[in-house]
Amino acid sequence: MSVFSPPSAGSLTAVAVVCGAVCGLGIAAIGYGVLRRSEREDRPGFLRGLITRLPAGWTTRRVVIAVTVGVVTGALTAWPVAAVLTTVAVLTLPGLLGPDRAAARRTERMEALAAWTEMLRDTLSAAAGLEQAVLVTADIAPAALEPEMWNLAASIRSGRGLPAALRTFAGDVDDPLADVVVAALVMAAEQQAGQLAPLLGELAESVREQVAMRQRIDAGRASVRTGVRVTVTVTLGMSVGLVVFNRPYLNPFNTWTGQAVLAAVGALFAASFTYLSAIGRIDDPIRLITPTPLENATPAEAGGPR
């Protein structure tokens, strides 16, 4: 005979609501910290390091929705672990299973960089100076780089030196391939290098090859994401179906042992999804250019040539 009996459904419901509320308050506090990150940049410590590592997509609205769904799930199932797992799933699964917007934006910006490099090459071939070519192409820049190009043109027109303005442009674009193009332009501006147009043509071709490689990689990752979507959809559908249509089958999870097993299963799913996300991530090469802030620029750079 067992020493203690399993808890009743009412007590498990109360525990689920309490655990869900505590979990929700903790996640809401983290989400609030994400939104107020800029106001605490000067506060060192463990909390700041933790906040800066949180995904940018964890907005207050998303956290509130996740907590609400988790609390409702815990109340309906009387499983505290289900409340926690549901909250975590609502926060993390959309980014893993949804379209990879970051990769698509990165590819689009790389294509825009190649197009701008070709425009620079063609403008320089018409016997225009480098600074003039940059200003001309900035007005007709591809849409993906339009804000950065406008800032570059405004910086040059304000009298800032071309090398410093290009370095700031590289920092705004924040892409290793842009660093390669900007490095060639900076060397040409500082050392009056010749034959820049052929070099820009080769750089544009190299960037387009990188874009093609990225697209092949994204296509391979898309098949993996599709498989994960199918797995998650089938698992969630089966779980919801059992809860709604055959609840007695899940009665073993009403015990503390069942909750421990459910927590272990959830941890295994989380580990597998984390691994899938890690193997699909592409590490960027080392940046070649460190942007020079305007306030740290030399007088010649800040005011341009006299």
Side-chain angles (χ1 to χ4, degrees), residues 1-32 34 50 54-55 57-100 221-280:
M1 179 178 294
S2 176
V3 178
F4 56 77
S5 60
S8 63
S11 62
L12 275 178
T13 301
V15 172
V17 173
V18 172
C19 291
V22 172
C23 175
L25 289 175
I27 296 177
I30 294 175
Y32 179 78
V34 173
L50 177 63
L54 292 176
W58 286 21
T59 61
T60 301
R61 178 182 178 184
R62 185 168 175 178
V63 171
V64 170
I65 293 175
V67 171
T68 303
V69 175
V71 171
V72 171
T73 302
L76 292 177
T77 61
W79 298 340
V81 174
V84 177
L85 292 179
T86 303
T87 302
V88 175
V90 174
L91 281 174
T92 57
L93 287 183
L96 178 63
L97 304 181
D100 195 348
R221 293 176 62 191
S223 62
V224 175
R225 295 170 76 91
T226 300
V228 174
R229 289 191 192 100
V230 172
T231 302
V232 172
T233 302
V234 171
T235 302
L236 293 179
M238 183 183 67
S239 301
V240 173
L242 289 174
V243 170
V244 174
F245 300 107
N246 194 12
R247 181 60 188 268
Y249 181 81
L250 301 176
N251 284 341
F253 289 108
N254 293 335
T255 64
W256 295 114
T257 302
Q259 289 297 288
V261 172
L262 183 61
V265 172
L268 290 175
F269 268 93
S272 62
F273 290 149
T274 301
Y275 176 72
L276 287 174
S277 178
I279 63 176

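- Residue Leu262 holds its CG atom at 12.5 Å from CH2 of Trp256, rounded to the nearest 0.5 Å.
- Sorted by first and then second residue, the side chain to side chain donor-acceptor pair (under 3.5 Å) pairs with a member in residues 242-253 read Asn251-Asn254; sequence neighbours excluded.
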N/O donor to acceptor pairs below 3.5 angstrom from side-chain atoms of residues 65-74, sequence neighbours left out:
from  : atom 1 : to    : atom 2 : distance (Å)
Thr68 : OG1    : Val64 : O      : 2.8
Thr73 : OG1    : Val69 : O      : 2.8

Test side chain to side chain contact (heavy atoms under 4.5 Å, CB included) on Leu85 and Phe269; report intermediate values, then the result. CA-CA 10 Å; Leu85 292 179; Phe269 268 93; over 6 Å; no
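- Nearest heavy-atom pair across Ala82 and Gln259 is N-OE1, 4.5 Å.
- Residues meeting the side chain to side chain contact (heavy atoms under 4.5 Å, CB included) test with Leu236, sequence neighbours left out: Val232.
- By the 4.5 Å heavy-atom criterion applied to side chains, Thr77 and Phe253 are not counted as neighbours.
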